[in-house]
Protein chains: 2
Amino acid sequence: MTESERKTWLTVQEEVRRCIRQRIWKPGELIPHEADLAREFGCARATVNRALQGLADAGLLERRRKAGTRVALTPARKAEFSIPIIREEIEGKGHRFDHRILHRHMSAPPPDVLTLLHLANGRKILHLQTLYTADGRPYVFETRWINSTAVPNALDADFDTLSPNEWLVREVPFDRGDFAFSGYAATTADAKVLGCQPADALLMMERTTQRGEDMITYVRLLFHPGYRMHTRS
Amino acid sequence: MTESERKTWLTVQEEVRRCIRQRIWKPGELIPHEADLAREFGCARATVNRALQGLADAGLLERRRKAGTRVALTPARKAEFSIPIIREEIEGKGHRFDHRILHRHMSAPPPDVLTLLHLANGRKILHLQTLYTADGRPYVFETRWINSTAVPNALDADFDTLSPNEWLVREVPFDRGDFAFSGYAATTADAKVLGCQPADALLMMERTTQRGEDMITYVRLLFHPGYRMHTRS
């Protein structure tokens with residue numbers, strides 16, 4: 001895409017946003033055909049298509065093949081956020097990053113993890129517990145199960161050099177995954193690792209990652225008290 | 001876009017994904033030019049562009065004008081999630097939705113909210129506290145500040161009929177916003193509203209929404225204990 005094409009596309013998008021915002025096009029209404037908009041804006045139909053697709057991705061428009069494009073009735077508010085490499089997040093805040101493997105064993109995951117990873121009962125896989133620190137202070141406590149059947153080289157990986165978080169991002173380019181956020185009360189064991197009080201309210205993030213049909217890893221991150229995960233839409 | 005164009009675009013994207021996954025194109029490497037890929041796939045260059053843009057949006061590729069497109073070194077793992085209308089989330093789970101306005105006053109927000117909403121000290125705006133219930137059980141406790149200078153019709157809104165959550169989505173089509181997730185220990189007052197124990201660990205979601213340059217609303221949602229917010233990437 002050339003710079004002038006890009007400008008055109010952004011201009012079309014801004015104009016469409018304006019029509020929605022000022023209710024010139026009302027919620028639920030069909031908007032003009034792509035071809036008509038292209039004529040109105042004096043640009044290629046593909047440019048209009050690109051602009052509208054972006055707004056549909058953002059939840060402002062609803063596109064149905066043949067039925068046309070409507071202004072969304074209840075715009076789904078979509079937020080996109082990046083799950084950064086923990087090291088980059090910590091270093092990005094100007095802190096010194098470090099990590100320590102607390103536990104590394106082959107063992108049978110609990111039933112809920114077996115289910116998430118589509119594994120048969122009793123199957124032993126790689127279990128890792130890692131503490132990530134910022135300037136030496138506990139930042140996030142990671143409990144991870146790696147489906148070592150699908151990722152056999154994890155068994156020989158040097159996780160002391162490259163953290164499990166970073167190793168997996170590099171070795172197993174992210175494909176698809178589930179995320180879940182919840183509030184979580186620290187157990188006595190968690191509190192000892194994170195240097196907080198038992199029952200402290202923590203943000204828990206769980207992630208299940210798959211590559212094609214293979215379930216790769218289940219990870220549970222417990223962030224230190226006071227941590228806020230930010231995103232922008 | 002016709003169905004056949006769409007198929008082509010998805011096919012190109014799947015093929016590019018395969019090259020990245022199988023490390024035919026390695027992290028950090030330049031990938032072939034769009035024109036060459038278009039020739040290889042026997043499709044329009046615009047189709048290749050659309051496919052690559054999607055992968056760049058997903059963090060798998062890094063595109064720089066003139067410098068070309070590279071496989072991302074550390075693929076940012078991006079997750080997109082929709083913030084649903086609370087009513088739709090509850091009804092989608094098969095529960096009966098209800099809401100109750102607990103508090104509605106003009107008052108001066110605390111300093112951090114003033115800052116978030118770009119308001120001068122002492123400015124009074126609309127303050128609402130609302131409990132959303134599922135089958136009569138507390139689901140989420142919302143504390144909201146509406147910048148009634150920017151949204152004056154909020155002052156006359158009938159929030160008993162249409163909840164503040166839904167009213168704002170309809171009246172002020174979502175533009176941009178900040179989200180933050182954290183763990184939060186229920187106060188005695190929160191616990192009374194949510195029917196849980198003081199100090200219970202809750203998921204807190206904060207949101208600041210703006211329309212153009214106007215800061216519209218700051219909202220803090222405290223979800224009932226055990227709530228998990230799911231998303232998929």
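Reminder, nothing fancy here: chain letters follow the sequence lines and each chain counts from 1. All of these numbers come straight from a predicted model, not from anything done at the bench.
- With a threshold of 4.5 angstrom between heavy atoms, B:Ala185 approaches chain A through its backbone and through its side chain.
- Atom NZ of B:Lys192 has 12 or fewer heavy atoms from other residues, nucleotides or ligands within 6.0 Å.
- Note that CE of B:Met204 is 10.0 Å distant from CG of A:Leu203, once rounded to the nearest 0.5 Å.
- With rounding to the nearest 0.5 angstrom, the NE2 atom of A:His230 is 11.0 Å from the CZ atom of B:Phe181.
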